[in-house]
Amino acid sequence: MQPTVSSHDLALRLSAFATLSEALDYAARGDTGVNFYNGRGELYAAISYRDLRDQACSLAQRLCGLGIERGGRIAMVAETTPDLVRFFWACQYSGHVPVTLPASVHLGGHGAFVSQLRGLLESCKAEAAMAPADLLPFLKEAAIGLDLRLVGSPEAFYQLPPANIELVEAASHETAYIQYTSGSTRFPRGVVIDHATVLTNINDMALNGLKLNDQDRFATWLPFYHDMGLVAFVIMPMATQRSVDFIGTREFAMRPRLWPELMSRNRATISSGPPFGYDLVARRVRAKDIEQWDLSNWRVACVGAELIRPGPLRRFAEAMASAGFDPNTFVACYGMAECALAISFSPLGEELVLDNIDTEHLQKRQEARSVSVEQAEQQGIRLAQHVDCGPLLPTFEVSIRDDKGRILPDRQCGTIFLRGPSVMSGYFQNPEATREVLSSDGWLNTGDIGYLVGGHLFVTGRQKDMIIIHGRNIWPQDLEYVAKRFPGVRYTDVAAFAVTMDDDEEKAAIVVQCRERDPVKRAQLVHDLKGEIRAEFGIDCLVELVPPQTLPRTSSGKLSRSRAQLDFLERNRRQARPADNDDASFSTLTLLPKRSVEVAHQAQRIA
Amino acid sequence: MEKYEDIVQALFEDLSRFRREKINLSERTDLVADLGMESINVMELLQEIEDRYDISIPLNIMPDIRTVEDLARQIQHLTIDRA
């Protein structure tokens, strides 16, 4: 089997597609396509866009035969497989809306996986749902009692009788897909993206962010249920007639060397990942692997999905230098599902720019004052480093605003607001959540905090409470919910938030008000809660037990997570090794605030 | 087919590298709740197991594995299929 080619005779066309199906019709005239590699690095499926279009149209006929009305949702557990890609494109031809569901399978996480799937099926009101055969039992369990027309394996759908009707082409304002911003079971938010929105963003990225050419080839391990995986590696390569190579996310996590190996094998030029992905490669690859790779064709290595830390990138670049990897390949990106995907890119082929900020000045003045490292050392100034995420893509308007909505000048830190044709129409059937972030005149409150310098964006933290670990969004409410299930823990007894550890890793922390005095029972609660969180979310967290009445509330009685976080840091910073803590893992850690600048910002707001 | 006892013994050795606190490992040890294994460590462990026994661990068995014994039984089962 041979992978699809990187270049062909079909003229590169980056724009002027009205719909995704029109873009695939064009790509189908060339020879490029999608390629799937297994955990041993072997190619097991190579499908040209020509064949993919035929397969998608055939499946579309079968979906139409199910009698689901136009715009009806078809949910799919998004493992990295050819089936997922066929289903996604089939929906574009059949007029249905694909919803990719996370395949977040953790050790001991049976119940959590099923309830997550169920929450999403209910939220998007799916009419049909697909899972790969091996995960189908979980999906079936999740769908018990829900009124779906079909819950089946890909095979079950392929065997349906075709409707034999003429497929109706989509209009550019029709919904192309729904993207869930986190796998939250309690607060699912489905971003609704129409054809014009995603194609505008892809066009903007291809022309201005990546400057795509007719030799480019994509490769990724990112999951298809993540916006970066879906938009940048399933939709964009197709809409720009480029070939793309895939390995599964789990295969990458098991054998990180598969990523650079894949880049080397077909001389791929574009890939991306969160900092943790680069870190995993740097920590786990062996010298004898690196010798065999040629990464000199890799021209864009996007870094995004979580706040960018320079350390892992430096380690990756050093490890890969002998394979021809150029550190100027790194491109810092800022984006979010609410804008289809990308908002800004740092300039191609240039070194990442770091801005050293005086944290104390920021706290007092909300101003990001740049200070040289030497000056900081001489004057004892505490610094925070932020990466230049580059100019905004041209279709965006940006403004940085303070709490009262006033627009701030350069270097003043505030909430990032955006407007433009790539902004979503709203969250699916959730007008309340939509109103919270989207104004009637089209401005999106990103919930992120940052500042501008000469049109370049620097992101310093988050205003919203979202916890981001390994590029995955986790709502604190979901962690708190787990704690509230324990006997004796009351509804108002819990606060969850993120802290940054001394190794620059973000970590979840949970503070629980506890009336229990028996140290054995207290230790048991900490142990069990940590265990439940790991089973449900696959992450480690810090647990702190505090006396009742400790957690801060706002004047309206609502829990203040940002203040709970500050209190937590204050309590645990005072004693470098708190001896009386019930959670033993505290003793080995130095705690830092979650992004020093953001905490400074919040401290200012409280004052 | 690998012997169950041998698999358990090898797992104990693997796991001792991942645990942060001193814990007496037994077949009943809960991999997630007792050992604090995050998903990224689990992946590294599974890779070592796959390479050692030349097996491929299917994704769908993971949600129902909780203890060392659960994992060892599944490995043993997979090594039967291999032969």
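Order of the sequence lines sets the chain letters (A, B, ...), proteins ahead of strands, with each chain counted from 1.
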field: Among A/I533, A/L529, A/L135, residue most engaged with chain B (heavy-atom pairs, under 4.5 Å)
entry: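 Of the options given, most contacts go to A/L135.
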
query: Where on B/L31 is there a heavy atom nearer than 4.5 Å to chain A: the side chain, the backbone, both, or neither?
result: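 For B/L31, the side chain is the part near chain A, not the backbone.
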
field: Contact class of B/I57 relative to chain A, heavy atoms under 4.5 angstrom
entry: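 Contact with chain A involves both backbone and side-chain atoms of B/I57.
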
query: Of B/I65, B/I61, B/L71, which meets side chain to side chain contact (heavy atoms under 4.5 Å, CB included) against A/L107?
result: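 Of the listed residues B/I65, B/I61, B/L71, the side chain to side chain contact (heavy atoms under 4.5 Å, CB included) partner of A/L107 is B/I65.
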
message: Using every non-hydrogen atom in the two residues, find where A/H110 and B/D64 come nearest and quote the distance to one decimal.
response: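 For A/H110 versus B/D64, the nearest heavy atoms are ND1-OD1, 2.6 Å.
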
task: Could you tell me which non-hydrogen atom of A/G108 sits nearest to which non-hydrogen atom of B/R66, and how far apart they are?
output: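 Heavy atoms of A/G108 and B/R66 come nearest at O-NH1, 3.5 Å.
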
Portion of [X] that has a non-hydrogen atom of chain B nearer than 4.5 angstrom:
{"X": "A/F138", "value": "side chain"}
{"X": "A/L280", "value": "side chain"}
{"X": "A/E251", "value": "neither"}

field: Euclidean distance, B/Q47 CD relative to A/R250 CZ, rounded to 0.5 Å
entry: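 Taking CZ in A/R250 and CD in B/Q47, the distance rounds to 12.0 Å.
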
query: Atom CE in A/M254, atom CD1 in B/I40: separation rounded to 0.5 Å?
result: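 Reported to 0.5 Å precision, the distance equals 11.5 Å.
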
- prompt: Got more than 12 heavy atoms from elsewhere within 6.0 Å of CZ, A/R485?
  reply: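 Counting other residues, nucleotides and ligands, CZ of A/R485 exceeds 12 neighbours.
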
Side-chain donor or acceptor of B/N60 paired with backbone N/O of A/D134 under 3.5 Å: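 Between the backbone of A/D134 and the side chain of B/N60 there is a qualifying donor-acceptor contact (under 3.5 Å).
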
Salt bridge (Lys or Arg N to Asp or Glu O under 4.0 Å) partner of A/R255, the single match among B/E44, B/E50, B/E48: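 Exactly one pass, corresponding to B/E50.
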
